Amino acid sequence: MKFATWNVNSILARLPLVLRWLGEAEPDVLCLQETKCTDDKFPAEAFAELGYRSETFGQPTYNGVAIVSRSKCESVERGLPGDEPGAQARVLRATIEGTRVVNVYVPNGASVGSDKYNFKLEWMRRLRELFDSRYGPDEQVLLCGDFNVAPEDRDVHNPKLWEGQVLFSEPERAALDRIKQWGFLDSFRLLNSEEKQFSWWDYRAGAFKRNHGLRIDHIWVSKPLAERTKAVMIDKQTRAWERPSDHAPVIAELEI
DNA sequence: ATGGTAGATACTCTA
């Protein structure tokens, strides 16, 4: 099975691009972030025409996650445990062909020390709690999405420039590592060790043209899934397509 | 060069 994750920065603005990519990459599961639309406006019919079902968890204007899948999604859950009513739509969970898929849009954090930054760190702490309370590392668990954190120097085009900045600051990386210590492996790093393999490039200042990017979109797997991971790639070609998302999709092929 | 661009919404916020 092929599992993919993609922050599309509005599913309505990106629909033609996403449909084109689905036809070419043929993932079995595609986890979307930043859909930026309510569930009634999600273009489920367009995905159905390509043979995909949709599960959505959206809100107006901001955030929003969805899972489009060839197989049925079971035990679908929306949000983090303890979310207040009307909390930001950032987590969608579903069991697909026996794998528990957790699709997340981690808060961006704005700038180090801001209210949004503190919200991000607290949110990441709660994400770790979700795994502690609901799942075991010996189960088939796949955590993917826009993590909004680059884990290591080799995931950043200029680590010196980014040191201490949001998306790469030490507290964010520590919070990310704390989630990983639950029992995840970074599927991309199981099979690829090169530096400068990015998944996001700012729209501004010609960042993509200069390859000024970060690897902040991830597919993490529990040990039982890591043993079945055959290939992982970041499909950066989409970033050069007409009217692109600022993120590229990541796709992992697992033998299940 | 503290700018730059993109999206949704409503003339600003978020990323």
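Since we're looking at a predicted model, the values are computed, not measured. So you know, we letter chains A, B, ... as the sequences are listed, proteins then strands, and number each from 1.
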Next item on the list: Name every residue in residues 153-162 of chain A that has at least one heavy atom under 4.0 Å from any atom of DNA chain B, in order of residue number, or write none if there are no such residues.
Entry: none
Check: B:dT9 C1' sits how many Å from A:L12 CG, rounded?
Finding: 14 Å
Margin query: Holding to salt bridge (charged side-chain N to carboxylate O under 4.0 Å, His left out), I want the full list of residues that pass it with A:E122, two or more places apart in sequence or in another chain.
Written below: A:R125
Notebook entry, point to check: Does any N or O in the side chain of A:R93 come within less than 3.5 Å of the main-chain N or O of A:V102, such that one atom is a donor and the other an acceptor?
Noted result: no
Item checked: Residues in side-chain hydrogen bond (donor to acceptor under 3.5 Å, both in side chains) contact with A:E55, at least two apart in sequence or another chain -> A:R78
Checklist line | Separation between the C1' atoms of B:dT14 and B:dG4, rounded to whole Å | finding: 15 Å
Solution key, residues 211-219 of chain A side-chain donor-acceptor pairs under 3.5 Å, sequence neighbours excluded:
from, atom 1, to, atom 2, distance (Å)
A:N211, OD1, A:W201, NE1, 3.0
A:R215, NE, A:D155, OD1, 2.8
A:R215, NH1, A:D186, OD2, 3.2
A:R215, NH1, A:H218, ND1, 3.3
A:R215, NH2, A:D155, OD1, 3.4
A:R215, NH2, A:D186, OD2, 2.8
A:D217, OD1, A:H247, ND1, 3.2
A:D217, OD2, A:S199, OG, 2.6
A:D217, OD2, A:H247, ND1, 2.8
A:H218, NE2, A:V149, O, 3.1
A:H218, NE2, A:R215, O, 3.3

Next item on the list: Could you measure between the two P atoms, the one in B:dA6 and the one in B:dA10, and give it in whole Å?
Entry: 22 Å
Margin query: Rounded to whole Å, please give me the gap between CZ in A:R210 and P in B:dG3.
Written below: 17 Å
Notebook entry, point to check: Below 4.0 angstrom from OP1 or OP2 of B:dG7, is there any side-chain N or O of A:R14?
Noted result: yes
Return the polar atom pairs (N/O with N/O) between nucleotides 12-15 of chain B and the protein under 3.5 Å, or none.
from, atom 1, to, atom 2, distance (Å)
B:dT14, OP2, A:K116, NZ, 3.4

Check: Can you name the residues that form a side-chain hydrogen bond (donor to acceptor under 3.5 Å, both in side chains) with A:D202, not counting sequence neighbours?
Finding: A:R204
Item checked: C1'-based separation of B:dG3 from B:dA15 [nearest Å] -> 15 Å
Note to self: Expressed as a whole number of angstroms, how long is the span from A:I11:CD1 to B:dA8:C1'?
What the structure shows: 15 Å
Note to self: Distance check needed: B:dT5 P versus A:K209 NZ, whole Å only.
What the structure shows: 11 Å
Check: A:R20: what forms a salt bridge (charged side-chain N to carboxylate O under 4.0 Å, His left out) with it, not counting sequence neighbours?
Finding: A:E24
Margin query: Going by side-chain hydrogen bond (donor to acceptor under 3.5 Å, both in side chains), name the residues that satisfy it together with A:T95, two or more places apart in sequence or in a different chain.
Written below: A:R100
Next item on the list: Check whether any side-chain heavy atom of A:K236 lies under 4.5 Å from a side-chain heavy atom of A:F198, and answer yes or no.
Entry: no
Check: Looking only at atom P, what distance separates B:dT9 and B:dT5, rounded to whole Å?
Finding: 22 Å
Next item on the list: Could you identify which residues cluster with A:M233, counting Ile, Leu, Val, Met, Phe, Trp and Tyr as linked when any side-chain heavy atoms lie under 4.5 Å apart, either directly or through a chain of such contacts?
Entry: A:W6, A:V8, A:I11, A:L12, A:L15, A:L17, A:V18, A:L19, A:W21, A:L22, A:L30, A:L32, A:F42, A:F47, A:L50, A:Y52, A:V68, A:W241, A:I251
Checklist line | Separation of B:dT9 C1' from A:K41 NZ (nearest whole Å) | finding: 11 Å
Note to self: In this structure, how many angstroms lie between the P atom of B:dT5 and the CD atom of A:E242, rounded?
What the structure shows: 16 Å
